[in-house]
Amino acid sequence: MASNDKRIAAKALAAAALASLSACASMPQDADRWLITATKLYTAPDQAALADGWVLVKGGKIEAVGTAAPPAGIRSDAACNGGVIAAGFQNSHVHFTDDSFVGAATRAPKELDQSMTRMLTRFGYTTAVDTGSSIANTAALRERIRSGAVPGPEILTAGSPLYPYKGIPIYLSDLPPELLRQLAQPETAEEALAHVRQNFASGANGTKLFVASPMGRGEIRRMDAAVASAAADETHRLGGLVMAHPTDPDGIRAAVAAGADIIVHTTIDPPGAAWSPQLISEMVARKVSVVPTLHLWRYELDKAQVPADVQERIVGLAERQLKAFSDAGGQVLFGTDVGYMTDFDPSDEYVLMARAGMTPMQILAALTTAPAVRWGKEAVRGRLAPGMAADLVVLDGDPAGDVKRFADVKCTVAAGRLIFQRQPVPRHNAAHER
Ligand SMILES: [Zn+2]
């Protein structure tokens with residue numbers, strides 16, 4: 001190259017460098033720094049709410065929380081402003097077993113986004129605990145979310161559950177035989193250990209034990225105590241939590257004895273069976289958490305066409321279990337069993353928890369701080385504070401006045417990413433409604 005050409009090339013390079021510099025300068029200083037304003041902010045269930053607040057998000061974390069005038073010149077999304085903000089919610093009992101999640105590794109992102117929106121993100125869930133599914137598929141789904149391909153919550157999973165020996169519950173009996181054969185029904189402690197290890201190697205965060213399986217016609221098959229204890233010990237050794245499906249108070253007793261951390265339902269069998277004060281104090285002493293799933297009972301009793309007054313009595317029994325457990329200081333985790341239950345709207349669950357005597361702030365704790373503590377993530381999520389994950393729910397009203405507002409979600413933000421935004425009602429429709 002001649003020296004003249006060299007000079008021209010150098011000039012061109014310098015011009016290109018300048019152009020790229022000015023392109024940078026014209027862009028916002030921090031593209032990943034943004035602001036969201038609120039009429040009310042719940043930083044944590046045990047803190048006084050803040051009026052006219054804002055949250056400043058940078059990357060995946062909360063940079064600052066404040067009131068009055070927000071910092072100037074920072075990008076803001078008008079559609080999410082002006083609501084009631086709380087920390088992102090955790091649904092502690094879901095299943096990714098719906099057909100619409102099948103083939104998660106390769107399924108079109110748009111389809112997975114729709115399924116996730118329908119079941120979880122439109123209701124403010126930024127963390128979901130899957131208490132039983134195909135571990136390979138759920139791990140693939142989690143990977144699609146983590147890679148950014150699919151907007152969704154953080155997923156914690158129990159992977160494939162363990163059932164009693166020859167004890168597949170009656171309500172799973174209509175699964176295809178080849179699928180039924182794959183379900184783990186360990187006969188020995190060694191078999192249980194192998195299942196737990198395989199599950200964790202595939203990405204599980206815990207183990208789900210069906211300590212008692214309803215087999216139909218009143219028969220309940222129970223997991224051998226040594227098998228349950230071995231599975232629980234190995235789960236703890238691997239750093240996970242043990243979730244137990246109890247079926248009845250004897251099932252809870254067995255789960256607690258085995259070392260379960262979370263009981264994933266209240267119980268409605270046998271008819272009229274309450275949780276004794278001794279059982280409750282043992283659960284509390286051993287720091288066992290409960291996921292009430294009260295609306296699930298209504299859903300099941302509706303399916304069985306049980307008359308309304310009988311339903312009320314049965315659901316009332318579960319409400320009293322929740323109240324006694326909560327009053328005794330037990331840790332309640334919000335959860336619905338969606339994925340198994342096709343009724344995705346959690347409004348009634350909030351209403352039933354309130355009817356059981358929980359205050360709106362106790363329900364908020366069951367959605368945020370309690371599950372964060374349970375999973376050892378209290379330094380990461382569950383509250384709005386600088387340095388915490390930018391997991392936010394924007395509600396369109398104040399749940400302190402009406403707990404159904406917990407389900408009235410405008411926007412959901414997970415790790416600083418907008419994963420749900422409610423579409424505004426079209427103008428002509430809005431006019432119609434007035
Ligand atoms: Zn379930």
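For ligands, and for the atoms within them, numbers begin at 1 and follow the listed sequence. This one's a predicted model, so the numbers in the text were calculated from it and none came from an experiment.
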Q: Sorted by first residue and then second, give each salt bridge (charged side-chain N to carboxylate O under 4.0 Å, His left out) pair with at least one member in residues 262-282; sequence neighbours left out.
A: Glu282-Arg286

Q: Using a distance threshold of 2.8 Å, what protein N/O/S atoms lie below it relative to the Zn ion (ligand 1)?
A: His93 NE2, His95 NE2, Asp337 OD1

Q: Parallel under 30°, tilted from 30 to 60°, perpendicular over 60°: which one fits the rings of His95 and His93?
A: perpendicular

Q: Return yes if a side-chain donor-acceptor contact under 3.5 Å exists between Asp261 and His236, otherwise no.
A: yes

Q: Return a table of donor-acceptor pairs under 3.5 angstrom between the side chains of residues 302-313 and protein atoms on other chains or two or more places apart.
A:
unit_1 : atom_1 : unit_2 : atom_2 : d
Asp302 : OD1    : Gln311 : NE2    : 2.9
Lys303 : NZ     : Glu300 : OE1    : 3.1
Gln311 : NE2    : Val306 : O      : 3.1
Glu312 : OE1    : Arg355 : NH1    : 3.3
Glu312 : OE1    : Arg355 : NH2    : 3.2
Glu312 : OE2    : Arg298 : NH2    : 3.1

Q: Test: salt bridge (charged side-chain N to carboxylate O under 4.0 Å, His left out). Region: residues 149-176. Which pairs qualify, not counting sequence neighbours?
A: Arg146-Glu154

Q: Return yes if a side-chain donor-acceptor contact under 3.5 Å exists between Arg142 and Asn205, otherwise no.
A: yes

